Every structure is written in structure tokens, then in C-alpha cells.
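For reference, the structure is listed below as C-alpha cells.
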Number of protein chains: 2
Amino acid sequence: MILSRTSQYAVQALIYMATQPADTPVLNKDIAVRLGVPAPYLTKILQSMVKGNLLVSFRGRLGGFQLREGGRDISLMQIVQLIEGATFADNCLLGLKKCSAETACPLHFRWVPVKEKIIKLLEETTLGKLADAVNTGKYRLADIPGSLFGALAAA
Amino acid sequence: MILSRTSQYAVQALIYMATQPADTPVLNKDIAVRLGVPAPYLTKILQSMVKGNLLVSFRGRLGGFQLREGGRDISLMQIVQLIEGATFADNCLLGLKKCSAETACPLHFRWVPVKEKIIKLLEETTLGKLADAVNTGKYRLADIPGSLFGALAAA
DNA sequence: CTATATGTGGATAATGTTATCCTATTTTAA
DNA sequence: TTAAAATAGGATAACATTATCCACATATAG
């Protein structure tokens with residue numbers, strides 16, 4: 001598995017938020033229900049994304065979470081690095097702490113070009129692109145059957 | 001991280017075994033020392049690979065573990081699937097249980113070609129190729145400094 | 001001002017992964 | 001026959017990740 005469950009939840013949640021009207025906060029509770037993710041756990045994740053400046057939050061009635069200004073341009077890489085750490089991109093397949101062109105594991109030179117593809121994908125894929133895809137109604141964000149095909153699935 | 005720690009240990013151990021003479025069993029203890037891996041844990045891993053027919057084991061004095069016949073042709077994919085399960089190759093980036101061309105997550109069609117590269121790498125890379133690489137002395141199998149450059153590092 | 005609805009933050013629990021330990025059982029050498 | 005060296009297998013512990021709960025602060029509507 002490439003991404004931790006936490007990262008998966010984070011990405012799902014942010015894509016979902018990007019499909020919603022940008023001017024009103026989205027409720028943690030709503031996201032949790034739509035994605036079938038445990039609400040209290042999602043809370044923690046969203047809060048860490050507030051600290052990482054990917055989201056802004058509002059307390060009290062009519063509160064909730066919003067993508068930061070220009071949120072559609074947030075890349076998956078930014079989300080994943082926020083959660084898994086900045087070293088996410090330089091992992092060795094065999095788990096060596098030091099693995100570079102100088103001191104390489106025997107897989108290093110085979111792995112590097114593949115890893116670059118992964119990184120490119122994560123860097124080039126933004127919330128905006130994914131939200132647009134979801135809004136076509138052709139994709140689903142969660143295993144919840146029937147729900148979440150398109151942003152207006154609940155309408 | 002792509003591979004679990006357990007898979008990483010397994011791959012390291014089997015590569016190491018492939019660098020050793022094929023006609024004498026290798027000791028769990030020796031592998032553990034060479035790789036800096038906890039010996040009792042490695043035992044469990046090697047035993048599961050015996051059950052999966054990647055290794056054969058011999059008890060008692062002069063016992064140990066050996067690659068099965070034709071062990072040099074074992075691919076990383078075989079090792080990883082044995083440990084992480086056969087569904088390893090069809091994971092969804094977002095973690096959806098069902099994610100295919102028919103019911104796809106919004107990342108699916110971006111992810112598939114990248115995933116294919118990963119699978120190709122794991123399938124095409126065999127213990128023989130990796131052992132040969134290690135035997136050139138240019139690569140290391142573990143973080144242990146100085147040791148394990150080449151199969152004869154301890155000589 | 002009060003009730004309600006929200007996020008905040010800390011503590012705690014449940015689960016899964018990784019690691020250890022102990023007691024067999026098997027095999028060989030002497 | 002015995003001692004030593006190895007794997008086998010079950011039980012348990014340590015640790016990290018995932019998940020839950022509760023008391024609190026904040027904001028809005030009425």
C-alpha cells in the first residue's frame with residue numbers, strides 16, 4: 001500500500017470539499033458520512049490540515065472547514081507530505097535509511113524511475129482536476145454504494 | 001511506503017541467500033546479523049516462506065534455510081505477494097475496496113499506468129539479478145555501515 | 001442572554017504490525 | 001547414547017496506527 005489510511009482519508013476529504021461550493025464551510029460530520037470515514041478520526045486529520053495551511057476552519061454555528069484560498073491547486077503531494085512527512089518521496093524500496101546514487105541498494109537504479117512516475121503523478125494531480133472528474137458523475141470517492149457519484153448525489 | 005517492513009526483511013534475506021553458495025543451508029542467525037534484522041522475527045518470516053515454497057529448511061546441526069530449486073528465478077513479486085497477499089497488485093490509491101475501470105475512483109486512470117510500472121519492476125526483478133548486482137560490490141543490502149558490500153564482505 | 005451547533009485539544013482505547021521468548025522437535029557429531 | 005546446534009510453533013510483549021471520548025472554547029440564531 002502506497003498511502004496510509006490517514007492519507008487516504010485526507011485526500012478523499014479534500015477532494016470532496018473541492019466538489020462543494022467554495023464559499024460555505026463544509027462540516028466534518030458531513031464529510032464523514034459521505035465518505036464512510038469515522039468522524040472523530042476525520043476531525044483530527046482535518047485539524048492537522050488546518051495547521052498545515054491546506055484548510056481554514058470556523059468555529060461555532062455555521063462553522064466548518066474550507067479549502068484555503070486557491071485550494072483547487074493543492075496537489076496530492078502536498079497533502080501526503082503534510083501527513084506522512086517530507087521524506088515521503090525519498091523512500092528506499094528495501095527500507096534502507098541511506099539509499100542514494102552513492103550508497104545504493106541493489107534495487108535503487110531500477111526503482112528510481114518508477115518512483116519518479118509516482119511523484120510526478122502526485123505532484124501533477126490537483127484537487128481541482130479530481131473534483132472536476134468527480135463532478136462528471138463517473139467516479140466515486142468512497143466504497144459507499146450508490147452514493148457519491150458526482151457532487152450532487154445527495155440532491 | 002510501498003512494502004511493509006516484513007516484506008523488506010523477506011526480500012533482503014532472500015537476496016542475501018542468493019549471494020551465498022547454493023549447496024549449503026544458510027543460518028537464520030547469520031542472515032539476521034548480516035542484515036541487522038531481529039533474528040526471532042526473521043525466523044517467522046523465513047518459516048512463512050518455507051510454507052510458501054520459496055525456501056526449504058533443514059533442522060538440526062548443519063541445518064538452515066536454502067532457496068528452493070531454481071531460486072534465482074524467484075521474482076520480487078512472488079515474495080511480496082506471499083507476504084502481503086495476492087491482492088497486493090490491485091490496490092486502489094484511495095483505498096477503495098472496489099476500484100476498477102467500471103467503478104473507478106477519480107485517480108484510477110491516472111494510477112493504473114504507474115501501478116503497472118511498479119508491478120513490472122517487481123515481476124521482472126529476480127533474486128538472481130539482484131544477487132549478481134550485490135556481488136559486484138557496488139550495492140548494499142542493509143544500513144549496516146561497511147558490511148555487506150558484496151557477498152564476500154565478511155571474508 | 002441563552003441554547004445550540006460547531007471546531008479544539010487532550011486522554012484513552014482498539015487494532016494491526018513488529019518483535020521477543022520459551023519449549024518442543026530434529027539432526028549431526030562425537 | 002549424549003550433547004550441541006538448528007528449525008518449528010505457540011504465546012506474549014512492545015510499538016505504531018487508527019479510532020473514540022470528553023470537557024472546553026467559540027460563534028450564531030433567536
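Below, chain A is the first sequence line, B the second, and so on; all start at residue 1. Small disclaimer: the values here were computed from a predicted structure and weren't measured.
Between I45(B) atom CD1 and dT17(C) atom P there is a gap of 13 Å when expressed in whole angstrom units. Taking atom CD1 of I83(B) as the reference point, atom C1' of dT17(C) lies 13 Å away to the nearest angstrom. Rounded to whole Å, atom C1' of dC21(C) lies 16 Å from atom CG of L42(B).
Here I74(A) contributes atom CD1 and M49(A) contributes atom CE; the two are 8.0 Å apart, rounded to the nearest 0.5 Å. Atom CG of L107(A) is separated from atom SG of C92(A) by 7.5 Å, given to the nearest 0.5 angstrom. The distance from the CG atom of L94(A) to the SG atom of C105(A) is 4.5 Å, given to the nearest 0.5 Å. T6(B) contributes atom OG1, which lies 13.0 Å from atom NZ of K44(B) (distance to the nearest 0.5 angstrom). To the nearest 0.5 Å, atoms CG (L121(A)) and CG (L93(B)) are separated by 6.5 Å.
Put simply, the residue from I79(B), L127(B), L35(B), T126(B) that forms a side chain to side chain contact (heavy atoms under 4.5 Å, CB included) with I15(B) is L127(B).
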side-chain hydrogen bond (donor to acceptor under 3.5 Å, both in side chains) assessment of Y139(A) paired with T103(B): CA-CA 7 Å; Y139(A) 303 98; T103(B) 69; over 6 Å; no
Sort me out a list of protein N/O and nucleotides 14-17 of chain D N/O pairs below 3.5 Å, or just none if empty.
none

Output a table of nitrogen or oxygen pairs between the protein and nucleotides 5-10 of chain D separated by less than 3.5 Å.
{"unit_1": "dA6(D)", "atom_1": "OP2", "unit_2": "K29(B)", "atom_2": "NZ", "d": "3.2"}
{"unit_1": "dT7(D)", "atom_1": "OP1", "unit_2": "N28(B)", "atom_2": "N", "d": "3.1"}
{"unit_1": "dT7(D)", "atom_1": "O3'", "unit_2": "S57(B)", "atom_2": "OG", "d": "3.4"}
{"unit_1": "dA8(D)", "atom_1": "OP1", "unit_2": "S57(B)", "atom_2": "OG", "d": "2.6"}
{"unit_1": "dA8(D)", "atom_1": "O4'", "unit_2": "R59(B)", "atom_2": "NH1", "d": "2.9"}
{"unit_1": "dG9(D)", "atom_1": "N7", "unit_2": "K44(B)", "atom_2": "NZ", "d": "3.3"}
{"unit_1": "dG10(D)", "atom_1": "N7", "unit_2": "K44(B)", "atom_2": "NZ", "d": "3.1"}
{"unit_1": "dG10(D)", "atom_1": "O6", "unit_2": "K44(B)", "atom_2": "NZ", "d": "2.5"}

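In summary, R72(B) and D132(B) engage in a salt bridge, as defined by a charged side-chain N under 4.0 Å from a carboxylate O.
Between Y9(A) and dA19(D) there is a side-chain polar atom (N or O) within less than 4.0 angstrom of OP1 or OP2.
Within 4.0 Å of P38(A), counting heavy atoms only, lie sugar-phosphate atoms of the nucleic acid but no base atom.
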